[in-house]
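Inspection log for the structure reproduced underneath, given as structure tokens.
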Amino acid sequence: MSQRIALEQVAADAVDLVRAFRDNGEVSFTDVPLADARANYLKACAANGLASEAVAKVDTLAYPVAQGSAALRLYRPAGSAADALTPWVLFIHGGGWVIGNLDSHDSLCRRLANQSGASVVAVDYRLAPEHPFPVPLDDCLAALRFVRDNASALRLDLENAVVAGDSAGGNMATVLANHPAYQVEGVAFKAQVLFYPVTDLTASLGSYQRITEGFSLTAKSMYWFREQYVPAGQDLSDARLSPLLHAEGRTQPDLFILTAGHDPLADEGIAYAAAAASAGTAVVHHHLPRHAHGVMTSAGKIESGQRLLAEAAGFIAACTQVSR
């Protein structure tokens, strides 16, 4: 049986946010109507996220998906010439496949573009439960194909691509980087950047037993996200849902991965980094033992998030040979 993690065990730069969450009744995404959960997430990202930075250019574009269209947003880094061919990052936002959008991660994408020197293409995939698995993932694949087909007009260098994402977005990012059915001819990712990714939706590792209360993401809320995203009867060991279970012996694109100790996803992220390294992948793994899930979308208040985002940007610059 888990024990409540004391505030004394939370990192100094994160303890105020955790204390406020607990003092306000620990209201979870599961405790309010879905529309409220989505609105509350946007408010939290705006209140706790990075300050918005100016970039050279921002374009929000429609791209085709099955039975409709979705949106993506292109950020060109500050200082880049309008006609310059830039490296690029396909960024897939987190939120359990259920919450989040282009605005929730806007300031993060701006900072990542400016610090890496790469353009960032953020994907606004359709959300569950209205659009359950595999729709969000297939939307990300459609966005990748759209970028491939329009790379010249968008001034993006297809040979210098990285895929990135946080949480559920990290899950879909690593699927795009590794799953045979999600490879796009003409795009070979040089690297992947995963911030506390979902890699095992079977929820079989010990951090699900440790993180059960006191934080905005717990085992209970992860089970709720899984219920919204995954149709009944779906095999949770599917490589598109649980890439960890298929990672042994598989060399991957260079990997930057961040994990947090007070996160139900901690153990699967650690195991994913280890499996990739054991298979011969170049891995940069940062573990924050006293932090919780959501460091990046709270980086305006959590200094460690700013520091690790700068580390990730440097990794992207090195992988894409950008001189900064």
Side-chain angles (χ1 to χ4, degrees), residues 1-15 17-18 21-22 26 28-30 48 92-97 164-175 192-226 229 236-237 241-248 252 255-278 281 283-299 302-305 307-309 311-312:
M1 185 176 178
S2 67
Q3 292 184 334
R4 185 178 182 84
I5 293 171
L7 289 175
E8 290 74 17
Q9 298 179 51
V10 177
D13 63 344
V15 70
L17 286 181
V18 175
F21 174 73
R22 295 182 180 186
E26 301 187 22
S28 169
F29 307 111
T30 67
N48 301 322
I92 307 173
H93 73 78
W97 302 275
D166 63 317
S167 194
N171 169 275
M172 294 189 286
T174 200
V175 171
Q192 50 189 328
V193 173
L194 311 179
F195 302 133
Y196 32 83
V198 179
T199 67
D200 180 9
L201 264 185
T202 69
S204 58
L205 297 182
S207 48
Y208 267 83
Q209 283 68 57
R210 294 195 306 273
I211 310 303
T212 60
E213 59 177 320
F215 299 99
S216 59
L217 188 76
T218 62
K220 177 185 175 182
S221 44
M222 270 307 303
Y223 291 137
W224 180 80
F225 282 127
R226 184 176 71 180
Y229 179 49
L236 294 174
S237 68
L241 297 172
S242 299
L244 171 62
L245 306 185
H246 305 264
E248 185 175 352
Q252 303 187 32
L255 172 61
F256 180 104
I257 184 168
L258 169 64
T259 54
H262 299 327
D263 181 356
L265 308 180
D267 288 1
E268 63 198 72
I270 293 167
Y272 197 64
S278 295
T281 303
V283 175
V284 176
H285 179 199
H286 290 273
H287 181 66
L288 299 176
R290 301 176 63 205
H291 285 78
H293 193 87
V295 171
M296 289 303 176
T297 46
S298 298
I302 300 176
E303 189 279 332
S304 296
R307 175 173 58 84
L308 268 299
L309 186 61
E311 292 275 357

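- The side-chain heavy atoms of R22 and L7, taken from C-beta on, include a pair separated by under 4.5 Å.
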Please report the C-alpha distance between H285 and L255 in whole Å, then the side-chain angles of each, then the deciding distance to 0.1 Å, and finally whether the side-chain contact (heavy atoms from CB on, under 4.5 Å) criterion is met.
CA-CA 8 Å; H285 179 199; L255 172 61; over 6 Å; no
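- Taking CE of M172 as the start and CG of L241 as the end, the distance is 11.0 Å to the nearest 0.5 Å.
- Interatomic distance, CG of D200 versus NE2 of H246, reported as 9.5 Å (0.5 Å rounding).
- Residues L258 and E311 form no side-chain contact, since every pair of their non-hydrogen atoms from C-beta on lies 4.5 Å or further apart.
- Side-chain contact between L265 and Y208: present, with at least one pair of heavy atoms (C-beta onward) separated by less than 4.5 Å.
- In terms of heavy-atom proximity, G305 sits nearest to A299 at C-CB, 3.9 Å.
- Side-chain contact between T297 and N48 is absent, with no heavy atoms from C-beta onward closer than 4.5 Å.
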Would S298 and L17 satisfy side-chain contact (heavy atoms from CB on, under 4.5 Å), going step by step from the backbone distance to the final call?
CA-CA 9 Å; S298 298; L17 286 181; 3.9 Å; yes
Do F195 and L308 pass the side-chain contact (heavy atoms from CB on, under 4.5 Å) test, and can you show the C-alpha distance, the side-chain angles, and the key distance before you say yes or no?
CA-CA 10 Å; F195 302 133; L308 268 299; 5.9 Å; no
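- Using a 4.5 Å cut-off on side-chain heavy atoms (C-beta onward), L244 and L205 make contact.
- The one candidate from V198, T30, L201, L217 that meets the side-chain contact (heavy atoms from CB on, under 4.5 Å) condition with F225 is L217.
- Under the 4.5 Å side-chain criterion, counting only non-hydrogen atoms from C-beta, V15 is not in contact with R290.
- In this structure, the separation between CD1 on I302 and CG on D13 is 6.0 Å, given to the nearest 0.5 Å.
- Residues E268 and T199 approach most closely at OE2-N, 2.7 Å, considering heavy atoms.
- T218 places no side-chain N or O within 3.5 Å of a backbone atom of F215 that could act as its donor or acceptor partner.
- Note: R226 CZ to S221 OG = 12.0 Å, rounded to the nearest 0.5 Å.
- Within the 4.5 Å cutoff, no side-chain heavy atoms of Y196 are placed close to those of H291.
- Between F256 and H286, the ring planes are tilted. Angles from 30° to 60° get that label.
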Determine whether Q252 and T174 satisfy the following criterion, side-chain contact (heavy atoms from CB on, under 4.5 Å), listing intermediate values before the conclusion.
CA-CA 9 Å; Q252 303 187 32; T174 200; 3.7 Å; yes
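- At a threshold of 4.5 Å between non-hydrogen side-chain atoms, the residues I92 and N171 do not count as touching.
- A donor-acceptor pair shorter than 3.5 Å cannot be found between the side chains of T259 and D263.
- G261 approaches A266 most closely through the heavy-atom pair O-CB, 4.1 Å.
- A search for side chain to side chain contact (heavy atoms under 4.5 Å, CB included) contacts involving F21 returns E26, S216, not counting sequence neighbours.
- Minimum interatomic distance between S167 and H293 (heavy atoms only, all atoms of both residues): OG-NE2, 2.9 Å.
- When all heavy atoms of D166 and G94 are compared, the pair lying nearest together is OD1-N, 2.7 Å.
- Listed here is the closest heavy atom pair of A292 and A260: O-CB, 3.7 Å.
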